[in-house]
Amino acid sequence: MPELPEVETVRRGLAPVMEGETFSSVQIRRKNLRIPFPKDFVSRLLGARILHVKRRSKYLLIETETDVLIWHLGMSGQVRIYKVGDTVAPVGKHDHVQFDLSSGAVVVFTDPRRFGLMDLALREDIAAHRLIKDIGPEPLGNAFSGPILAARLKNRQVSIKQAIMDAHTVAGVGNIYASESLYRAGLSPKRKAYTVQGRRAEKLATAIKNVLNAAIDAGGSTLKDHRTTDGGLGYFQFSFAVYGRAGEACPDCDCDIYSTFGISRLEQGGRSTYYCSRKQR
DNA sequence: CTTTGGGCCTGGACGC
DNA sequence: TGCGTCCAGGCCCAAA
């Protein structure tokens, strides 16, 4: 499932294909994904020139001269790009949206589980859009640091794992990278969020930045059905230290020699967390 | 204000 | 082989 690094990877794939082009055809093959498409979705995009392909949290923002296409890949969303001359595959069962661009390139959005969504906002209204307005700082931006994270965790009674997965605390950290960040920072996922202050918050902010950057550098990680924008199979693989590795030895310490240690799994807020109880306190 | 739980979806893994 | 069941996940929203 796409988390911030995957969405950023998709953005980087889309930007050179879309920027500067106009939409010569827009096809939606059902009336809704997670939410309904706006009634004027097609008419507003047709003929519009794309100025920028941006990202905010896990949302792709396709800016035209008047509008912003807000695009979330959800859980199972994949983007396929066909460059000029490529053979476009027959329409698949879950190919819900197709954009044809003035260059001749084609962009297809496939999303079996339909947790993805598309919406439109006027450019001047984007910051106030209901899906965007309450999102916390971008973890890779200048507005994110130890002290800023600490301030946002103050008074939070939930676990640190649940707090950093909350997009209002910090943007774009999903289930996988929450576990990975806490592991790198040496913090127990069960720790109350408000106890992560000072040096601990500094370590965690750094860990979040580092793990996201490493995953972006790896071209986005793959899990199950996520694919790269160029339609290829997920040939790159970011190696997770703990995620999905319950029962395995912790790569960073000697906990495997103690029968009771190693990577364990627990459930928090209905989601799996993976951690090493020896390394993470 | 914060926190919790429900709901949206399908496909793949698993047990019988 | 075919069926049912469970799980995966982001994240909004209503309710407490």
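Chain naming here is simple, since letters A, B, ... match the order of the sequence lines and numbering starts at 1 in each.
- As judged by a 4.0 angstrom heavy-atom cut-off over every strand, A:R265 is placed among residues touching the sugar-phosphate backbone only.
- We find that CD of A:Q268 is positioned 17 Å from C1' of C:dC11, with the value rounded to whole Å.
- Expressed to the nearest 0.5 Å, how far CD1 of A:I62 lies from CG of A:L45 amounts to 9.5 Å.
- Between C:dA8 and A:S272, a contact under 4.0 Å exists linking OP1 or OP2 to a side-chain N or O.
- At most 12 non-hydrogen atoms from other residues, nucleotides or ligands lie less than 6.0 angstrom from CZ of A:R200.
- Of the residues A:E3, A:E138, A:E6, the one that meets the salt bridge (charged side-chain N to carboxylate O under 4.0 Å, His left out) test with A:R55 is A:E138.
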Practice item. Start with the C-alpha gap between A:I216 and A:L140, add the side-chain angles, then the distance that decides, and say whether side chain to side chain contact (heavy atoms under 4.5 Å, CB included) holds. Key: CA-CA 11 Å; A:I216 290 169; A:L140 302 180; 3.6 Å; yes

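- The nearest whole Å value for the distance from the CG atom in A:L60 to the C1' atom in C:dG10 is 14 Å.
- When the side-chain nitrogen and oxygen atoms of A:R113 are compared with OP1 and OP2 of B:dG7, none of them lie within a distance under 4.0 Å.
- Atom CG of A:N142 sits in a sparse spot, with 12 or fewer heavy atoms from other residues, nucleotides or ligands closer than 6.0 Å.
- For A:F115, whose side chain is taken as the heavy atoms from C-beta onward, the closest listed nucleotide among B:dT3, B:dC8, B:dT10 is B:dC8.
- Atoms CG (A:N32) and P (B:dC9) sit 6 Å apart, rounded to a whole Å.
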Protein and nucleotides 12-16 of chain C: nitrogen or oxygen contacts under 3.5 angstrom:
{"unit_1": "C:dC12", "atom_1": "OP1", "unit_2": "A:Y59", "atom_2": "OH", "d": "2.8"}
{"unit_1": "C:dC12", "atom_1": "O3'", "unit_2": "A:R130", "atom_2": "NH1", "d": "3.2"}
{"unit_1": "C:dC13", "atom_1": "OP1", "unit_2": "A:R130", "atom_2": "NH1", "d": "2.2"}

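- Comment: A:R199 does not engage A:E202 in a salt bridge, judged by the lack of any side-chain N to carboxylate O separation of less than 4.0 angstrom.
- Because its NZ or CZ atom is both nearer than 6.0 Å to the ring centre of A:Y183 and within 45° of the ring axis, A:K279 counts as a cation-pi partner of that residue.
- Whole-Å rounding puts the A:H94 NE2 to B:dC8 P distance at 18 Å.
- Separating the OH atom of A:Y177 from the P atom of C:dC11 is a distance of 14 Å, rounded to the nearest angstrom.
- Atom NZ in A:K161 sits about 13 Å away from atom P in B:dT4, given to the nearest Å.
- Residues A:N155 and A:R114 each lie close to DNA chain B; by heavy-atom proximity, the contact nearer the 5' end of the strand is made by A:N155.
- Salt bridge status for A:E267 with A:R271: absent, with no side-chain N to carboxylate O gap under 4.0 Å.
- Here the side chain of A:E3 is nearest to one of B:dT3, C:dG10, B:dG11, namely C:dG10.
- Distances shorter than 4.0 Å separate none of the side-chain N or O atoms of A:R271 from OP1 or OP2 on C:dC11.
- At distances below 3.5 Å, not a single donor-acceptor pair connects side-chain atoms of A:D125 with backbone N or O atoms of A:A121.
- Annotation: the terminal axes of the helix from B:dT2-C:dA16 to B:dC16-C:dG2 meet at 40°, where each axis is the rotation carrying the C1' atoms of four end pairs onto the next four (5 pairs per end, rounded to 10°).
- In this structure, the CG atom of A:D111 is 14 Å from the C1' atom of C:dA8, given to the nearest Å.
- Applying the ring-ring contact (aromatic ring centres under 6.0 Å, His included) test to residues at least two apart or on different chains, the pairs with a partner in residues 26-70 of chain A are A:F37-A:F41, A:Y59-A:H72.
- OP1 or OP2 of B:dT10 has not a single side-chain nitrogen or oxygen of A:K93 nearer than 4.0 Å.
- A:M75 places its CE atom 10 Å from the C1' atom of C:dC7, with the value rounded to the nearest Å.
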